[in-house]
Amino acid sequence: MTRSPRLERVTPATVDAALALRVHPHQEKNVAPVTKSLAEAYAYGETAWPRLVFDGDRLVGFVMAFLDIAWRGEEDPADRRSGLWRLNIAADAQGAGYGRFAVDAVAEELRRRGATRMYVTWEPGADGPGEFYRRLGFRTTGEESGGQTVGVREL
């Protein structure tokens, strides 16, 4: 079988499938569900970039980027960053390269928009996705955001 993953916008025809997407139960503590992500995308408007990951007709994941946000708010308004906000790969689709594809697709979109770095945060600990992000070229910055580890990848 030839895999041909692609990103698509969430549409009225795909929203129910997006809302039904589930990661492995042991990962639920590490990533918010798609329902929360879509609510945040609505609330944050143009700074959120939500996309579904399809392989053929099969929905295999959800990814959302954040675009040019004031990372430390009013404390340092010049510190603007873009990166990976959320990544949910369906439990039965994990290990097939869809997560890597989604991260690389976000990196390409950020490059297209002029970014030179891509940020991500993750739950620390042995069960968290830190190793996955390190394999994709992220390095820790030494910062924390909301108790999560902050990583950066050069674009």
Side-chain angles (χ1 to χ4, degrees), residues 4-24 27-91 93-94 98-124 128-130 132-133 136-155:
S4 57
R6 68 188 184 288
L7 296 187
E8 290 190 8
R9 291 178 178 268
V10 180
T11 67
T14 59
V15 71
D16 286 339
L19 296 174
L21 190 120
R22 297 289 180 270
V23 297
H24 277 293
Q27 296 170 327
E28 290 174 352
K29 70 181 185 322
N30 294 327
V31 63
V34 174
T35 52
K36 180 174 181 179
S37 297
L38 290 178
E40 289 171 332
Y42 176 80
Y44 285 89
E46 295 299 310
T47 61
W49 192 76
R51 294 295 185 269
L52 298 176
V53 183
F54 277 92
D55 191 351
D57 292 335
R58 181 178 173 217
L59 176 63
V60 296
F62 172 85
V63 64
M64 187 163 72
F66 59 90
L67 306 171
D68 196 36
I69 64 162
W71 187 256
R72 291 182 283 180
E74 293 179 16
E75 178 184 327
D76 184 0
D79 185 5
R80 302 194 70 83
R81 301 183 190 185
S82 297
L84 183 67
W85 189 348
R86 200 71 39 72
L87 177 62
N88 304 64
I89 301 298
Q94 292 185 12
Y98 297 120
R100 174 181 289 277
F101 165 79
V103 171
D104 288 345
V106 167
E108 187 56 38
E109 178 65 18
L110 296 182
R111 261 189 229 101
R112 188 184 72 71
R113 292 171 178 261
T116 58
R117 290 184 185 90
M118 174 177 176
Y119 290 86
V120 67
T121 63
W122 65 80
E123 288 292 329
F132 168 76
Y133 289 122
L136 296 181
F138 287 91
R139 62 176 171 72
T140 58
T141 65
E143 300 169 287
E144 281 191 2
S145 177
Q148 295 188 337
T149 301
V150 178
V152 66
R153 172 175 153 178
E154 300 299 320
L155 301 175

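- In this structure a side-chain-to-backbone donor-acceptor pair under 3.5 Å is present from S82 to D68.
- Between R117 and E154 there is a salt bridge, since at least one side-chain N of the basic residue sits less than 4.0 Å from a carboxylate O of the acidic one.
- Taking NZ from K36 and CZ from R86, the interatomic distance works out to 6.0 Å, rounded to the nearest 0.5 Å.
- Nearest heavy-atom pair, A90 versus L21, reported as atom, atom and distance to 0.1 Å: CB-CD1, 4.2 Å.
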Next item on the list: Take F66 and T47 through the test side-chain contact (heavy atoms from CB on, under 4.5 Å) and record every step on the way to the result.
Entry: CA-CA 5 Å; F66 59 90; T47 61; 5.8 Å; no
Note to self: Checking L84 against V63 for the side-chain contact (heavy atoms from CB on, under 4.5 Å) test, could you report, in this order, the C-alpha distance in whole Å, the side-chain angles of both residues, the deciding distance, and whether it holds?
What the structure shows: CA-CA 8 Å; L84 183 67; V63 64; 3.3 Å; yes
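- A salt bridge is defined here as a Lys NZ or Arg NE, NH1 or NH2 lying under 4.0 Å from an Asp or Glu carboxylate O, and E109 with R51 fails to meet this definition.
- To the nearest 0.5 Å, atom CZ of residue R100 and atom CZ of residue F132 are 7.5 Å apart.
- The distance from the CG atom of L38 to the CE atom of M64 is 7.5 Å, given to the nearest 0.5 Å.
- Residues S37 and F62 share a closest heavy-atom pair of CB-CE2, 3.4 Å.
- Nearest heavy-atom pair, V53 versus L59, reported as atom, atom and distance to 0.1 Å: O-CD1, 3.4 Å.
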Next item on the list: Output, in order, the C-alpha distance, side-chain angles, deciding distance and verdict of side-chain contact (heavy atoms from CB on, under 4.5 Å) for R111 and M118.
Entry: CA-CA 9 Å; R111 261 189 229 101; M118 174 177 176; over 6 Å; no
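- Of all the heavy atoms in W71 and S145, the pair that sits closest is CZ2-CB, 4.2 Å.
- For the pairing with N30, the side-chain contact (heavy atoms from CB on, under 4.5 Å) check across Q148, E123, H24 returns one residue only, E123.
- Judged purely by atom type and a 3.5 angstrom limit, Q94 uses its side chain to pair as donor or acceptor with the backbone of I89.
- Although no hydrogens or angles enter the test, the distance criterion places a donor-acceptor pair under 3.5 Å between the side chain of D55 and the main chain of S4.
- Judged purely by atom type and a 3.5 angstrom limit, R153 uses its side chain to pair as donor or acceptor with the backbone of L136.
- Taking the six-membered ring where the residue is Trp, F138 and Y133 present perpendicular rings, their angle passing 60° and hence far from 30°.
- No salt bridge links R112 with E108; every basic N to acidic carboxylate O contact stays at or beyond 4.0 Å.
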Next item on the list: Would you please test L67 and E46 for side-chain contact (heavy atoms from CB on, under 4.5 Å) and show each step?
Entry: CA-CA 8 Å; L67 306 171; E46 295 299 310; over 6 Å; no
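- Nearest heavy-atom pair, A115 versus L155, reported as atom, atom and distance to 0.1 Å: O-CD1, 3.8 Å.
- Using a 4.5 Å heavy-atom cutoff, the side chains of W49 and V106 are in contact.
- Nearest heavy atom pair, residue A18 against residue L52, reads CB-CD2, 3.6 Å.
- Atoms CD and CZ, on E8 and F54 in that order, are 5.0 Å from each other to the nearest 0.5 Å.
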